[in-house]
Amino acid sequence: MTVQIAPSILAADFARLADEAAAVAGVADWLHVDVMDGHFVPNLTIGLPVVEALRKHASLPLDCHLMIEDPDRWAIGYAEAGARKLTIHAEAVQSPVRTLRMIRAAGARAGLAVNPATPVEPYADLLDEVDMLLLMTVEPGFGGQPFLDLVLPKLRRAAALIAARGGSVWLQVDGGVSEETIGRCAEAGADVFVAGSAVFGADDPARAVSGLRSLAASTGPGLSRH
Ligand code: DX5
Ligand code: ZN
């Protein structure tokens with residue numbers, strides 16, 4: 001398992017995004033960008049123009065998490081804007097196979113996200129269509145919420161589903177990931193970790209990323225998937 005860390009700029013200073021991105025540039029694997037439309041989730045954050053601007057100023061690849069009502073319509077725009085990974089929500093997408101294929105055809109990695117109460121089993125047959133499965137470990141919409149341990153059994157089941165297919169799909173967790181909780185996620189089989197407040201709320205964001213990475217790597221998965 002290779003640990004990947006994706007700091008979420010939702011917890012960064014929005015007026016200094018380029019500087020905040022630079023603070024984790026050498027140490028993180030992705031820059032996680034939370035796109036919220038005020039409909040799918042009760043919060044409004046970043047849209048296409050900001051993603052386009054960030055791509056020019058941030059050296060890390062952008063991991064765009066679309067928490068929007070109509071991803072079928074908008075996903076392609078984000079892929080064309082330069083998102084290297086684009087995740088859509090199972091609860092919002094109308095035509096997942098078509099939209100996931102469109103994302104891949106545009107040259108981005110395709111991710112499928114599920115909320116805490118959404119099971120993963122109905123999506124098992126879609127695993128060949130995705131590069132990453134995202135299990136939300138909080139209800140989406142806001143940073144700084146407490147980690148939901150109730151997602152851990154589902155994380156183990158998702159890791160087993162992925163392993164049964166040969167293990168090439170990344171398993172991401174997002175929400176409440178911190179020094180205190182990242183070990184539990186790694187043990188349950190996650191390998192891509194989003195962290196907002198644990199990184200940008202720290203005095204030294206780069207050091208926070210390294211700390212999270214070593215904790216995840218030293219805990220390791222309960223299942224060997226790679
Ligand atoms: C929540 C977002 C997360 C959020 C995580 O809906 O998808 O990416 O930024 O923030 P923390 O790590 O503070 O829970
Ligand atoms: Zn997110």
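Side chains included, hydrogens not; waters and symmetry mates left out as well; all remaining heavy atoms used. We number each residue from 1, following the sequence as shown. Order of appearance sets the numbers: ligands from 1, and atoms from 1 within every ligand.
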Visitor: I need the nearest protein heavy-atom contact for atom 4 (C) of ligand 1: residue, atom name and distance, please.
Guide: Asp34 OD2, 3.7 Å
Visitor: Under 3.5 Å, side chain of Asp174 to main-chain N/O of Met136, donor-acceptor pair present?
Guide: no
Visitor: Under 4.0 Å from a heavy atom of Pro140: which atoms of ligand 1 are those, numbered in the order shown and with their elements?
Guide: 6 (O)
Visitor: Which atoms of ligand 1 are found less than 4.0 Å from any heavy atom of Gly175?
Guide: 14 (O)
Visitor: Is the shortest distance from a heavy atom of Phe147 to ligand 1 less than 4.0 Å?
Guide: no
Visitor: Please say yes or no: joined through hydrophobic side-chain contacts below 4.5 Å, possibly via intermediate residues, are Val194 and Phe200 part of one cluster?
Guide: no
Visitor: For atom 13 (O) of ligand 1, which protein heavy atom lies nearest, and how many Å away is it?
Guide: Ser197 OG, 2.4 Å
Visitor: List every atom of ligand 1 that sits less than 4.0 Å from any heavy atom of Val194, numbering the atoms from 1 in the order shown and giving each element.
Guide: 8 (O)
Visitor: Within the structure, is a non-hydrogen atom of Ala195 found at a distance of less than 4.0 Å from ligand 1?
Guide: yes
Visitor: Identify, by atom number and element, the atoms of ligand 1 in contact range of His32, meaning under 4.0 Å from any of its heavy atoms.
Guide: 8 (O)
Visitor: I'd like to know whether CZ of Arg165 has more than 12 heavy-atom contacts from other residues, nucleotides or ligands below 6.0 angstrom.
Guide: yes
Visitor: Considering heavy atoms of the protein only, find what lies nearest to atom 14 (O) of ligand 1 and give residue, atom and distance to 0.1 Å.
Guide: Gly176 N, 2.8 Å
Visitor: Taking all non-hydrogen atoms of both residues into account, name the closest pair between Asp37 and Ile68 and its distance.
Guide: OD2-CA, 3.2 Å
Visitor: So does Ile5 get a backbone contact from the side chain of Asp29, meaning a donor-acceptor N/O pair under 3.5 Å?
Guide: yes
Visitor: For the CD atom on Gln94, are there more than 12 heavy atoms of other groups (residues, nucleotides or ligands in this structure) within a distance under 6.0 Å?
Guide: no
Visitor: Counting neighbours of CZ on Arg84 that are heavy atoms of other residues, nucleotides or ligands and sit closer than 6.0 Å, is the number greater than 12?
Guide: no
Visitor: Show which atoms of ligand 1 fall inside a sub-4.0 Å distance from at least one heavy-atom site of Gly143.
Guide: 10 (O), 13 (O)
Visitor: Between Thr45 and Asp34 (side chain of the first, backbone of the second, donor and acceptor by atom type, cut-off under 3.5 Å), is there such a pair?
Guide: yes
Visitor: What are the atoms of ligand 1, with element, lying closer than 4.0 Å to any heavy atom of Phe142?
Guide: 1 (C), 6 (O)
Visitor: If the Zn ion (ligand 2) is the vertex, what is the angle to OD1 of Asp34 and OD2 of Asp174, rounded to 10 degrees?
Guide: 170°
Visitor: Do side-chain atoms of Arg55 reach the backbone of Ala81 as a donor and acceptor pair under 3.5 angstrom?
Guide: yes
Visitor: Using a strict 4.0 Å threshold on nitrogen-to-oxygen distance, state whether Lys85 and Asp131 make a salt bridge.
Guide: no
Visitor: Does a side-chain heavy-atom distance below 4.5 Å link Arg109 with Met132?
Guide: no
Visitor: Angle subtended at the Zn ion (ligand 2) by NE2 of His32 and ND1 of His65, to 10 degrees?
Guide: 100°
Visitor: If you have a sec, work out which protein heavy atom is nearest atom 6 (O) of ligand 1 and how many Å separate them, to one decimal?
Guide: Gly141 N, 2.8 Å
Visitor: Hey, which atoms in ligand 1 end up nearer than 4.0 Å to a heavy atom of Met36?
Guide: 6 (O)
Visitor: Does the plane of the ring in His65 sit parallel, tilted or perpendicular to the ring in His89? Use 30° and 60° as the thresholds.
Guide: parallel
Visitor: Using a 3.5 Å cut-off on N or O atoms only, is Gln145 in polar contact with ligand 1?
Guide: no
Visitor: Atom 12 (O) of ligand 1: which protein heavy atom is closest, and how many Å away?
Guide: Gly196 N, 2.7 Å
Visitor: Would you mind checking which non-hydrogen protein atom is closest to atom 5 (C) of ligand 1, with the distance to 0.1 Å?
Guide: Asp174 OD1, 3.5 Å
Visitor: Just jot down the ligand 1 atoms closer than 4.0 angstrom to any heavy atom of Met67, in number order.
Guide: 6 (O), 7 (O)
